[in-house]
2 protein chains.
Amino acid sequence: MQTRSKRPLTLRDVSEASGVSEMTVSRVLRKKGDVSAATREKVQEAARRLGYVPNKIAGALASQRVNLVAVIIPSLGNMVFPEVLSGISEELEGTELQPVVGVTDYQPEKEEKVLFEMLSWRPSGVIIAGLEHSDASRAMLKQAGIPVVEIMDTDGEAVDTSVGISHRRAGRIMAEEILKAGYKRIGFMGTKMPLDHRARKRFEGFTQTLAKGGVEIADQEFYSGGSALAKGREMTAAMLRRTPDLDFLYYSNDMIGAGGLLYLHEKGADIPAKIGLAGFNGVELLDGLPLQLATMDACRREIGQTAARIIAARNAEGASDEGQVVELSPTLSFGDTLRTN
Amino acid sequence: MQTRSKRPLTLRDVSEASGVSEMTVSRVLRKKGDVSAATREKVQEAARRLGYVPNKIAGALASQRVNLVAVIIPSLGNMVFPEVLSGISEELEGTELQPVVGVTDYQPEKEEKVLFEMLSWRPSGVIIAGLEHSDASRAMLKQAGIPVVEIMDTDGEAVDTSVGISHRRAGRIMAEEILKAGYKRIGFMGTKMPLDHRARKRFEGFTQTLAKGGVEIADQEFYSGGSALAKGREMTAAMLRRTPDLDFLYYSNDMIGAGGLLYLHEKGADIPAKIGLAGFNGVELLDGLPLQLATMDACRREIGQTAARIIAARNAEGASDEGQVVELSPTLSFGDTLRTN
DNA sequence: CTGAAAGCGCTAACAG
DNA sequence: CTGTTAGCGCTTTCAG
């Protein structure tokens, strides 16, 4: 139908091909304003025949509106963020808005760069992971004059609005359950990530609550890089060699927890009677393990949905420009690796 | 530093604040053309102080250039695509270009929508998964007048350029190795995905090669939804109940393969002597399993890098506008679940 | 090295 | 219901 052409088609081409003014063509193509069925048909036919694709750059400049929501996350390989994203997409599906993703690799400088880059496209809103940002990033977010939702975490001060869980509380709850179940000699394994503030907060909540119960972490180890499953396996083996009397292992994520679980299960360990295990995230991926790992879900999908809903609402007319804090409650699953007491 | 303002800052604001013409401000901010050190300093100081973020919409419209590469993939939850993406990002890092991701959920209509949407931003290139697209999508890709690289697969005709592996050949190679190892009673498990053409092609290559060796698939089962690990476990159990004399199980992806592996390992099956297993993808994630699953890597990262490099090269001056086919060679790993002879 | 003028392709705001 | 007139904020081009 179309002919090869170096220059992309413009509204004017459609206008000429259909004998209708540019303005009316624009109305038809945007389904905005009333146009008679006859001309509408003529225009659509011409547009289709030519293979016209509107130029959003020009449209956005003229209308001063860009229906994009910038979504800024640390990583895609983490399993948790794709789920947040699908919550966002799902929720935005019914609206004009579209998510655009930027990845920071947990680096504040990269976050700053990505944020700057995305804001320069003048999006209608920003959804960004975490509450910890560089001063420059916070300044940009404030200055942008658009709704900003910081997600995943509520332990801290948001620029505008935050949606997430309290990781301190999550660590605390896990510690309480472990104590309640009567475990005493507790080991911790996690990522060596000074910049993963949420893991850090969980760890803090965890150790502080143990301390209140008169228990101290008996051993701990941090890793970085490599296959998480393999790392969990190795670290668990090493830790039990070093501190054989541990009766509970708390992992900062489910993947290393699964590695530990597989290792102990093979060794014929008496789980959860003699040794208990728990991870974090509620990764559905792991459902087929020999034992179900105790874990705590982080409400990933729900966080995405809620954040997206807030942005969408604020973009609608007559929205209250108020910031808010939405704290979701993670649910603990005991699985097969934490005594229910 | 900045003041609250509803209206985002413009070049004119920076111009007024620095007492330098808009044009020269623009030159400084884009580091284009020669500007005296003194004025450059003045401009940069003003821009920083005000918190100016350039408006790329306006810039793109004026310059007729958008440094975006549209990347269109079926899914983010698949583990394989995030790796392709990181190959792309890595390769684009050194250039002006930036990837923008769109997800199709394996649905041709959604692909068409996403493609239309992305093309309307006039990107500098398109990287799109697969060779199978609707007529409309192919038309748009041809019409766009920008480099288009179809990735993952080379079994078929590309619009412009393709980079990937031959999935037919991958299936064939696996079949050859299985026959060579002397397995005879072979079961297949995979996703119920009429739209996953690559899985289909592997399956075809696999069965055709078995047939040449006088072997027919003894049993097969397809699933959809749910946790892949759990599905692999269940399907394996069911299949062996139904067809107990199977001596090899070929899985269309590593996750269900891992489920089967865990199941059989727990049952104390004699792997790989009495029963062999193989998956597909080379998912590093699974490195900590009790046995290493035989698999074939799909060159995910390398595909991303190559595709990005091609787009970048074509965007440089004096590039040959030629389409090409880049077929990469997947490597087979025997792991612990496929007899080496 | 710096500035002035003229759009990029589309849509808001008015007229008819 | 349809058309006309101005820009949107930046960059290209051409003069100084």
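Below, each value reflects all heavy atoms present in this structure, side chains not excepted, and no hydrogens, waters or symmetry copies. Numbered from 1 within each chain, the chains take letters A, B, ... in sequence-line order. Bear in mind that the values here come from a model prediction, so they are computed numbers and not experimental data.
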For this session: Starting from the 5' end of DNA chain C, give me the residue, B:R122 or B:V35, whose nearest nucleotide shows up first.
Result: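 Result: B:V35.
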
Exercise. What is the minimum heavy-atom distance between B:S120 and A:P54, and which atoms define it?
Worked result: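 Answer, listing the atom of B:S120 first, then A:P54: CB-O, 3.1 Å.
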
For this session: Search all heavy atoms of A:I146 against all heavy atoms of A:D160 and return the closest pair with its distance.
Result: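 Closest approach of A:I146 to A:D160: O-OD2, 4.2 Å.
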
For this session: Look at all strands and tell whether B:R27 reaches a base, only sugar-phosphate, or nothing, counting heavy atoms closer than 4.0 Å.
Result: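 Touches a base.
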
Problem set entry | Angle between terminal axes - the helix from C:dC1-D:dG16 to C:dG16-D:dC1, 5 pairs each end, rounded to 10° |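 Computed from the C1' atoms at both ends, the axes differ by 30°.
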
Qualifying residues under salt bridge (Lys or Arg N to Asp or Glu O under 4.0 Å), relative to [X], sequence neighbours excluded:
| X | result |
| --- | --- |
| A:K42 | none |
| A:E22 | A:R12 |
| A:E111 | none |
| A:E90 | A:R301 |

Exercise. Where along residues 11-26 of chain B does a heavy atom come under 4.0 Å from DNA chain D, residue by residue in number order?
Worked result: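 When residues 11-26 of chain B is checked for heavy atoms under 4.0 Å from DNA chain D, the hits, listed by number, are B:L11, B:M23, B:S26.
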
Problem set entry | Sub-4.0 Å heavy-atom contacts from residues 54-66 of chain A onto DNA chain D, ordered by number |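 Only A:L61, A:A62, A:Q64 qualify.
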
Listing, residues 59-70 of chain B side-chain donor-acceptor contacts under 3.5 Å, not counting sequence neighbours, or none:
{"unit_1": "B:S63", "atom_1": "OG", "unit_2": "B:G59", "atom_2": "O", "d": "2.8"}
{"unit_1": "B:S63", "atom_1": "OG", "unit_2": "B:R65", "atom_2": "N", "d": "3.3"}

For this session: Only pairs at least two apart or in different chains count here, so list each salt bridge (charged side-chain N to carboxylate O under 4.0 Å, His left out) that has a residue in residues 116-133 of chain A.
Result: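 Checked against salt bridge (charged side-chain N to carboxylate O under 4.0 Å, His left out) - neighbours excluded - the pairs reaching residues 116-133 of chain A are A:E117-B:K56, A:E132-A:K201.
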
Problem set entry | Whole angstrom value for the distance that separates P of D:dG9 from OH of B:Y52 |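 Interatomic distance, OH of B:Y52 to P of D:dG9: 10 Å.
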
Problem set entry | Straight-line distance of A:S36 OG to A:E41 CD, nearest 0.5 Å |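 If I round to the nearest 0.5 Å, the distance is 10.5 Å.
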
Problem set entry | Gap separating the OG atom of B:S21 from the CZ atom of B:R27, nearest 0.5 angstrom |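 Interatomic distance, B:S21 OG to B:R27 CZ, rounded to 0.5 Å: 7.0 Å.
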
Problem set entry | Heavy-atom side-chain proximity of A:L115 to A:L141 below 4.5 angstrom |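 A:L115 vs A:L141: side chains touch.
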
For this session: Under the side chain to side chain donor-acceptor pair (under 3.5 Å) rule, collect the residues that match up with B:E327, sequence neighbours excluded.
Result: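 Side chain to side chain donor-acceptor pair (under 3.5 Å) list for B:E327, sorted by chain: B:R169.
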
For this session: Check side chain to side chain contact (heavy atoms under 4.5 Å, CB included) between B:V326 and all other residues, then give those that pass, not counting sequence neighbours.
Result: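 Testing B:V326 for side chain to side chain contact (heavy atoms under 4.5 Å, CB included), a comparison that skips the adjacent residues, returns B:V163, B:T306, B:I310, B:Q324, B:L328.
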
Exercise. Between which nucleotides of DNA chain C, read 5' to 3', does contact with chain A run, using atoms under 4.0 Å from its heavy atoms?
Worked result: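 Nucleotide range in contact with chain A: C:dG9 to C:dA13.
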
